[in-house]
Amino acid sequence: MSLKLHNTLTGQKEPFVPRTPGAVGMYVCGVTVYDLCHVGHARSAVVFDVIRRAFEHRGYRVTFVKNFTDVDDKIIRRAQEEGVPARELAERYVAGYRQDMVALGVRAADVEPKATEHIPQMVALVQGLIERGFAYAVDGDVYFEVRKFPRYGRLSGKRPDELRLGARVEVDERKRDPLDFALWKRAKPGEPAWESPWGPGRPGWHIECSAMSMHYLGASFDIHGGGEDLVFPHHENEIAQSEASTGQEFVRYWIHNGFVNLGAEKMSKSLGNVLLVRELVKRHDPEALRLYLLQTHYRHPLEYAESRVGETGRALERVRILFEEAARAPGRPGRAGTGERFGEEIAAGRRRFEAAMDDDVNTPQALGALFELVRVLHAYRAEAGPADPAFQAGVAELGRLGGVLGLFGGTGRGAEPPPELRERIEALVRARGEARARKAWAEADRLRGELARLGVIVEDTREGTTWRWRG
RNA sequence: GGCGGCGUAGCCAAGUGGUUAAGGCGGAGGUCUGCAAAACCUCUACUCAGCGGUUCGAAUCCGCUCGCCGCCUCCA
């Protein structure tokens, strides 16, 4: 059994065969840093973070590269509007992106290259394309000549002739064909610019990904990913540039994630209906948001529903209680485990989980397996007690598998009350315990209500009274 | 106009030729509890937008119809 992935190039699920046994080279288009990122960016980031983890779980050595586009028209315009240097604006949103990724549990890539730090590589690529006859310079601009690359359109299934018919492409008299796209743009006064054989200018959007991906992963590598909107023209153009330049197959597997939609509409900055990650993680538990995003298969469109994120939080709660129980068990002996059947159930859950992940990273199905494990573990704990070694091992296994999705990170993460409240809470819990011992139920219930107002849930179990902080 | 996707329970969402159609949320009943909470147990789609067809057999394949969405332009 090998890991299967849906390859946009073939439109099919294919067994993943790495170029180098045991290793994966993976490049994902990151963000253009001219604003804070929204839930759509979050989905893409989470999805590829999980794909990376899935490979690692299977024992692959992964080299993961995710770029920042830090020079582009929108950045320049924004910077001018705000009256700050483009570089400063870009740095600000790089930092903003990283902060949001930490909140979402998205690990940093192994390499996070910025376009502005790889200008020489881009110039060299463009120069090579001119020498090979695939590109031409006009008045300080350089264009890729699409007609010279016969395989153009293979990724997106679009034929140059059909595109021409529908042409809503901006007409530029200096281009030999409307489909030709910019590799290098001449700088207008006041714009960021770098020296080049064609005069001062900056790279086109597509060339940066070709240059950086090949710089870090080689002329030919395993996986290139991004949002489905990048299939055309961005990735199509990357293939044309790269393969025209090297004569080699650029990428073996193209992976694209589906969009996040809002109501009837696609979310987009031009429509002004964006949901910023920065805002969402204030309203919701970030881990619940991550779990919510993974409950839909990565290639399917996701209709964002605010209320569902909260509901997902309740499912997460059920999992966290398990980890909390396991964590506080030491020192509280349970009865001897009834081991064997339970162990088999855990193993079966793991197999289901791994089979789902192997099948085109089917996270909804994998989560199904995990939640079944959650139920089994709760049931077993009720019987054997939280200190049972098999229970402890089962929870640990759940944690490992959850980790492949970047979930269930810590035991009761974020579930600690402010230190200054702790003493008061414990005093109230003790007082309530004493009241209960006297069978002073009204008094006990009053104290429970007071604790609830502080954000504390008290529970009386067979093993005594416990409490949980839920803010 | 071209290309692609979707329509599964109250809601979300897997499943894409053959065991009882995963899982989550919600709901109903029960066990436990002083009462709760949490947890567990049982139930909650004889049916997969509709209509035809292929097949021994289809939610799964084919055709048509209806509805929804994305890409073709910067966009995760």
Side-chain angles (χ1 to χ4, degrees), chain A residues 8 11 28-32 34 37-48 69 72-74 153 156-159 161-163 165-170 205 225-234 236 256-261 263-271 274 291-292 294-297 299-303 305 307-319 321-322 324-325 352 356 359 362-383 436 439-442 444-445 448-449 452 457-462 465-468:
Chain A
T8 307
V28 173
C29 289
V31 290
T32 300
Y34 70 101
C37 66
H38 60 240
V39 65
H41 298 118
R43 184 185 191 192
S44 186
V46 167
V47 160
F48 287 104
T69 298
D72 133 292
D73 292 343
K74 289 187 292 282
S156 57
K158 298 179 193 306
R159 287 190 189 73
D161 296 314
E162 290 167 352
L163 282 169
L165 288 176
R168 277 188 281 171
V169 183
E170 209 175 308
W205 176 39
E228 66 178 0
D229 55 323
L230 298 182
V231 173
F232 187 90
H234 186 54
E236 196 72 73
H256 294 96
N257 67 278
F259 260 59
V260 177
N261 298 316
E265 289 176 321
K266 148 186 182 177
M267 172 169 44
S268 80
K269 291 177 188 178
S270 50
L271 289 171
V274 295
L291 175 57
Y292 171 72
L294 291 173
Q295 271 175 331
T296 299
H297 183 81
R299 284 192 288 116
H300 289 181
L302 190 158
E303 182 88 14
S307 63
R308 304 237 18 110
V309 183
E311 289 166 12
T312 301
R314 288 195 271 285
L316 190 56
E317 182 80 357
R318 227 173 98 226
V319 182
I321 286 167
L322 216 40
E324 286 168 14
E325 287 289 342
R352 281 220 304 141
D359 186 12
N362 193 330
T363 56
Q365 199 162 66
L367 281 165
L370 254 35
F371 276 103
E372 209 141 291
L373 276 185
V374 168
R375 181 183 55 73
V376 168
L377 283 164
H378 270 302
Y380 184 74
R381 185 205 64 90
E383 188 187 318
R436 290 184 70 232
K439 296 199 194 297
W441 307 128
D445 290 349
R448 182 165 62 198
I457 299 165
V458 281
E459 297 176 351
D460 306 315
T461 71
R462 248 189 309 194
T465 297
T466 64
W467 59 272
R468 288 183 287 129

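Lettering follows sequence order; numbering is per chain, from 1.
Per the geometry, CZ belonging to A/Arg468 stands 7 Å off P belonging to B/A38, to the nearest Å. For A/Leu377 and B/C41, the CG to P distance is 12 Å, given to the nearest whole Å. One can place CD1 of A/Ile321 at 13 Å from P of B/A37, the figure rounded to the nearest angstrom. One atom, CG of A/Leu316, and another, C1' of B/A38, lie 15 Å apart when rounded to the nearest Å. Rounding to whole angstrom units, NE2 of residue A/His41 and P of B/C74 are separated by 15 Å. Atom CG of A/Leu367 and atom P of B/G15 are 13 Å apart (whole Å). Here the P atom of nucleotide B/C35 and the CG atom of A/Asp445 are 11 Å apart, to the nearest Å. Spacing between atom CD of A/Glu325 and atom P of B/C40 amounts to 11 Å, rounded to whole angstrom units.
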Base versus backbone protein contacts along nucleotides 2-14 of chain B [heavy-atom cut-off under 4.0 Å; B, S, -]: B--------BSSS
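Classification of A/Arg314 and A/Glu317 as a salt-bridged pair fails, no side-chain N sitting under 4.0 Å from a carboxylate O. Salt bridge present: A/Glu325 and A/Arg381 bring a charged side-chain N and a carboxylate O closer than 4.0 Å.
A donor-acceptor contact shorter than 3.5 Å links the side chain of A/Arg43 to the backbone of A/Gly258. One N or O on the side chain of A/His378 and one on the backbone of A/Arg318 form a donor-acceptor pair closer than 3.5 Å. Judged by distance alone, with hydrogens and angles left aside, the side-chain atoms of A/Tyr292 form no donor-acceptor pair with the main-chain N or O of A/Glu311 at under 3.5 Å. At least one donor-acceptor pair closer than 3.5 Å links the side chain of A/His41 to the backbone N or O of A/His38. A/Arg159 contributes no side-chain N or O that, together with a main-chain N or O of A/Gly153, makes up a donor-acceptor pair within less than 3.5 Å.
As rounded to the nearest Å, B/U47 and B/G7 have C1' atoms that lie 15 Å from one another. When the C1' atom is used for both B/C68 and B/U73, the distance is 23 Å, rounded to whole Å. For B/A9 and B/G24, the C1' atoms lie 13 Å apart once the distance is rounded to whole Å. Between B/A59 and B/G53, the two P atoms lie 15 Å apart (nearest whole Å). For the P atoms, the distance linking B/G18 with B/G70 amounts to 33 Å, nearest Å. Taking the P atoms as reference points, B/C6 lies 24 Å from B/G52, given to the whole Å. For B/U19 and B/C11, the P atoms lie 26 Å apart once the distance is rounded to whole Å. Nucleotides B/A45 and B/G10 have their C1' atoms positioned 12 Å apart, rounded to a whole Å.
The base of B/C68 lies outside donor-acceptor range of the side chain of A/Asn261, with no N or O pair under 3.5 Å. A donor-acceptor contact under 3.5 angstrom links the side-chain atoms of A/Arg448 to the base of B/A36. You won't find any donor-acceptor pair under 3.5 Å spanning the side chain of A/Asp229 and the base of B/G70, going by distance alone.
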Test log, rule side-chain contact (heavy atoms from CB on, under 4.5 Å), inputs A/Phe371 and A/Val319: CA-CA 8 Å; A/Phe371 276 103; A/Val319 182; 3.7 Å; yes
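A/Val458 comes within 4.0 angstrom of a nucleotide base, judged by non-hydrogen atoms across all strands. As judged by a 4.0 angstrom heavy-atom cut-off over every strand, A/Gly30 is placed among residues touching the sugar-phosphate backbone only. A/Glu317 comes within contact range of no nucleotide atom at all, as no heavy-atom separation falls under 4.0 Å.
Contact between A/Arg436 and A/Thr465 at its shortest, heavy atoms only, is NH1-OG1, 3.7 Å. Shortest non-hydrogen contact noted between A/His300 and A/Thr296 is CB-CG2, 4.0 Å. Heavy-atom minimum distance, A/His297 versus A/Pro364: N-CG, 3.3 Å. Nearest heavy-atom pair across A/Arg352 and A/Ala369 is NH2-CA, 3.3 Å.
Which of B/A37, B/A76, B/A22 sits closest to the side chain of A/Thr32 comes down to B/A76. Considering only side-chain atoms of A/His378, the nucleotide from B/G23, B/A39, B/A76 that sits closest is B/A39. Here the side chain of A/Glu228 is nearest to one of B/G70, B/A76, B/G34, namely B/G70. Looking at the side chain of A/Phe232, the nearest of the listed nucleotides B/A22, B/A76, B/C72 is B/C72.
Comparing A/Arg314 and A/Trp441, the nucleotide of RNA chain B nearest to each residue sits closer to the 5' end for A/Arg314.
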Structure string for RNA chain B in dot-bracket form, Watson-Crick and G-U at under 3.5 Å, | interchain: ((((((((.[[[..)..(....]]]((((((.......))))))....[[[[[..)....]]]]])))))))....
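Under 4.0 angstrom from either OP1 or OP2 of B/U33 there lies no side-chain N or O belonging to A/Arg436. Regarding contacts with the backbone of B/C25, a side-chain N or O of A/Arg318 is found under 4.0 angstrom from either OP1 or OP2.
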